[in-house]
Asks: 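Mind having a look at this structure? Questions to follow.
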Amino acid sequence: MLFSSCYSVRIVNRDGIPEPDPLNTSRDFYKGKKVRILDTVITLKPLEGEFYLIEKCASGGFYSFEYRVTLGGALLSAITFGKKRKVQIKYVCLKESN
Amino acid sequence: MATTATFNIGSWDTFHNNGPWPTKILYETSLETQGNMPLWFDRYNDAALEIQKLIISALNNQEGFRAYGSAWSMSNIAHHKDNMQYNAAMNMKKTIADDELHQNSSYKQENLFFFQCGNVIKEISKFVFDNGKSLKATGASNGQTIGGCLSTGVHGSGWDVGAVQDSVVGLNLIIGDGPLDIVYLERDTQPALSNVFADRIKARIIRNDDLFNSALVGLGSFGFIHGVVIETEDRFLLKRYVKKISRQDALDLAMTLDFENANFKIPEEIDENGKGNLPYHYKVFINPYVDDPNYVVELMYKKKYTDNYPDPLPNIKTAIYRDLIILFTKIAERYQSSIPTLIKILQTSILPPVDLEAIGTLGEIFWDAAYQGPAFACSIGVDYRDSNKALDLLVKLAREEGPIPGIYAMRFVKQSKATLAFTKFPVTCMIEIDGLIWNAEDNNMISLAQFSTRIIEVLQENNIPFTLHWGKNADWSFPGIIGYMYGENANIWKQCRSTLLTEKAAILFSNEFLIDTKLNEYTPNQNISVV
């Protein structure tokens with residue numbers, strides 16, 4: 001139950017080149033890549049049913065996008081009837097092409 | 001204006017954690033935005049000035065300076081204790097204009113491209129693909145910067161093609177802090193670009209074969225490689241086959257590269273006379289701890305490009321648990337005898353699946369590397385006719401003095417013109433030993449350093465001429481190793497470096513790796529006529 005309720009989904013741009021970060025020494029997929037993290041709770045108003053997160057990449061595109069599904073996030077959404085959405089996202093922009 | 005961020009990092013490590021080593025400063029240089037500086041050559045020349053500012057700073061502080069890209073090398077070749085400049089964001093690229101081709105060039109204008117140092121292979125492949133072209137060769141993956149590829153001799157297994165540097169026909173180097181220290185270097189016998197191009201990048205032109213061939217695999221020590229001219233070819237596809245064939249057939253092919261008359265043939269790759277087609281690529285995988293009568297081999301054949309082929313890349317890619325790899329390493333360190341079993345368990349994840357067939361462009365077949373963790377790699381170049389003998393010796397070494405947590409492979413590369421190319425034999429067989437970094441201290445296990453020394457000793461004792469991959473683990477301090485591998489070419493390389501660089505610049509662009517190998521030796525007043 002715990003494992004199946006807490007996992008990540010990562011989408012990677014097949015032909016993209018990630019924005020590099022020489023200071024990122026993590027030992028995972030993100031090593032050497034410039035990672036941006038969104039970790040927040042979105043509160044929707046009574047008449048609102050969906051939302052957009054508007055992010056900017058200098059290159060104009062995303063290299064990868066990882067969405068984390070957690071048990072806590074699912075419970076929060078359930079008990080607030082979908083009005084509070086826990087968002088945990090990691091993304092990497094495309095490297096600027098020059 | 002281009003800008004550089006400064007980080008007082010204290011220590012620096014390679015991508016595969018082969019360090020760390022003490023390091024004072026890491027610089028990260030970014031180009032001026034295109035909106036603020038729209039003209040291509042203005043931006044490029046502005047970046048050159050920014051690099052010269054960093055060089056001035058290092059010279060004023062009597063310190064060294066070294067550029068690096070993706071940090072994929074496993075030796076300390078990319079490291080400098082004083083100033084390291086990360087140049088991945090310096091990735092300008094262009095086609096060659098009509099007036100930029102040298103009037104005596106034997107190269108086709110449409111095949112030449114100019115790339116700034118920080119372009120990684122993947123973006124170069126994409127750029128040339130979008131112009132209807134393909135690189136001739138890459139390494140086994142695509143994340144290295146072009147500057148790093150040249151400096152360390154990155155190669156694939158194109159036994160009739162060569163390594164990455166063998167497609168490079170011009171170099172733009174920054175060798176000091178003055179206006180005359182921006183040079184455009186190419187072969188005198190094979191000029192590529194015109195004086196007009198050199199003027200546009202404000203470079204002094206040097207056309208000299210010896211200097212070019214020496215700077216081509218320059219170990220990061222011939223100045224700052226700002227840009228390179230690459231010759232490409234028309235797009236092509238590679239048909240990839242993975243087969244399990246008899247050990248004897250695999251090794252016979254390694255010794256002869258006679259694919260036409262080999263016992264082993266792929267039915268789809270036979271000509272009208274029943275002879276085998278010549279592959280673009282041949283690779284043999286060997287588990288050193290198993291007396292397997294069959295080996296896994298990988299062959300690739302060049303095919304005419306078409307848009308209509310199935311995508312060779314899976315749209316779902318999985319990876320082994322990182323923790324599992326750490327666990328395996330710990331088990332291997334504690335129980336040496338478990339290593340052969342662990343390798344057998346991991347083999348299915350390491351080796352490509354047998355009977356796999358795929359077709360794709362060079363960039364698709366040699367796509368993103370999956371493993372991001374700690375790793376070692378030793379890579380030894382021998383004449384392909386010595387491949388079986390050398391392999392036997394190195395397998396015996398692992399069995400009798402190991403085990404070590406690694407697996408072997410053989411790849412084959414055409415001879416390079418670069419003075420210090422480790423692909424120096426008519427066809428070089430690169431015997432590769434790749435694996436997980438281990439800690440030998442706890443259990444009387446042979447260390448990587450000891451194993452690296454023994455590789456040299458064993459091959460020397462058996463009179464097998466060999467070279468070592470500049471970007472991989474080796475005993476670079478082994479007495480006389482450079483002279484043993486390269487003979488007079490090592491002296492030519494040093495003479496050329498002493499000709500091109502002032503003594504002050506030679507010290508600036510030296511590092512511990514160069515000192516260990518004694519390639520930092522400088523001889524003033526060399527006689528090579530260059531300008």
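No experiment lies behind these values; they were computed from the predicted model shown.
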Asks: With chain A as the partner, which of Asn119(B), Asp368(B), Asn17(B) has the greatest number of non-hydrogen pairs under 4.5 Å?
Replies: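 Among the listed options, the one with the most contacts to chain A is Asn17(B).
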Asks: Would you please test Ser134(B) and Arg235(B) for side-chain hydrogen bond (donor to acceptor under 3.5 Å, both in side chains) and show each step?
Replies: CA-CA 5 Å; Ser134(B) 170; Arg235(B) 289 187 291 193; over 6 Å; no
Asks: Can you name the one residue among Lys122(B), Glu364(B), Lys126(B) that meets side-chain contact (heavy atoms from CB on, under 4.5 Å) with Asn142(B)?
Replies: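 Result for side-chain contact (heavy atoms from CB on, under 4.5 Å) with Asn142(B): Lys122(B).
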Asks: Let me know if Trp367(B) has heavy atoms under 4.5 Å from chain A in its side chain, its backbone, both or neither.
Replies: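 For Trp367(B), the contact with chain A is made by the side chain alone.
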Asks: Pairs in or reaching into residues 43-71 of chain A: which pass ring pair (Phe, Tyr, Trp, His ring centres under 6.0 Å), with residues at least two apart or in two chains?
Replies: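 Listed by first then second residue: Phe62(A)-Tyr91(A).
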Asks: For the candidates Val12(A), Thr25(A), Ile17(A), which exhibits the highest count of non-hydrogen atom pairs separated by less than 4.5 Å from chain B?
Replies: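 Result: the option with the highest number of such pairs is Ile17(A).
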Asks: Using heavy-atom distances under 4.5 Å, tell me whether Glu123(B) contacts chain A through its side chain, its backbone, both, or neither.
Replies: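 Contact with chain A: backbone and side chain both.
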Asks: Heavy-atom pairs under 4.5 Å with chain B - which of Gly32(A), Ser97(A), Pro18(A), Ala58(A) has more of them than the others?
Replies: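 Looking at each option in turn, the highest pair count goes to Ser97(A).
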Asks: Which residues pass the salt bridge (charged side-chain N to carboxylate O under 4.0 Å, His left out) test with Arg10(A), not counting sequence neighbours?
Replies: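 With neighbours one apart ignored, the set is Glu66(A).
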Asks: Of the backbone (N, CA, C, O) and the side chain (C-beta and beyond), which part of Asn24(A) lies under 4.5 Å from a heavy atom of chain B, both, or neither?
Replies: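 Neither part.
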Asks: Need one label for Lys33(A): side chain, backbone, both or neither, based on atoms under 4.5 Å from any heavy atom in chain B.
Replies: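 Contact with chain B involves the side chain of Lys33(A) alone.
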Asks: If we ignore hydrogens and angles and just use 3.5 Å, is the side chain of Asn98(A) paired with the main-chain N or O of Asn91(B) as donor and acceptor?
Replies: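 Not a single qualifying donor-acceptor pair exists.
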Asks: Heavy-atom distances under 4.5 Å only: say whether Ala89(B) touches chain A with side chain, backbone, both or neither.
Replies: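 Just the backbone, heavy atoms under 4.5 Å.
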Asks: Checking Gln116(B) against chain A: side chain, backbone, both or neither under 4.5 Å from a heavy atom?
Replies: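 When you check distances to chain A, no heavy atom of Gln116(B) falls under 4.5 Å.
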Asks: Would you kindly say whether Thr43(A) and Lys84(A) are connected by a side-chain donor-acceptor distance under 3.5 Å?
Replies: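 Short answer, yes.
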Asks: Between Tyr68(B) and Tyr86(B), how do the two ring planes meet: parallel, tilted or perpendicular, split at 30° and 60°?
Replies: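 Ring orientation, 0 to 90° scale: tilted.
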Asks: Which region of Lys95(A), side chain (C-beta onward) or backbone (N, CA, C, O), has a non-hydrogen atom less than 4.5 Å from a non-hydrogen atom of chain B, or is it both or neither?
Replies: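 Only the side chain of Lys95(A) comes within 4.5 Å of chain B.
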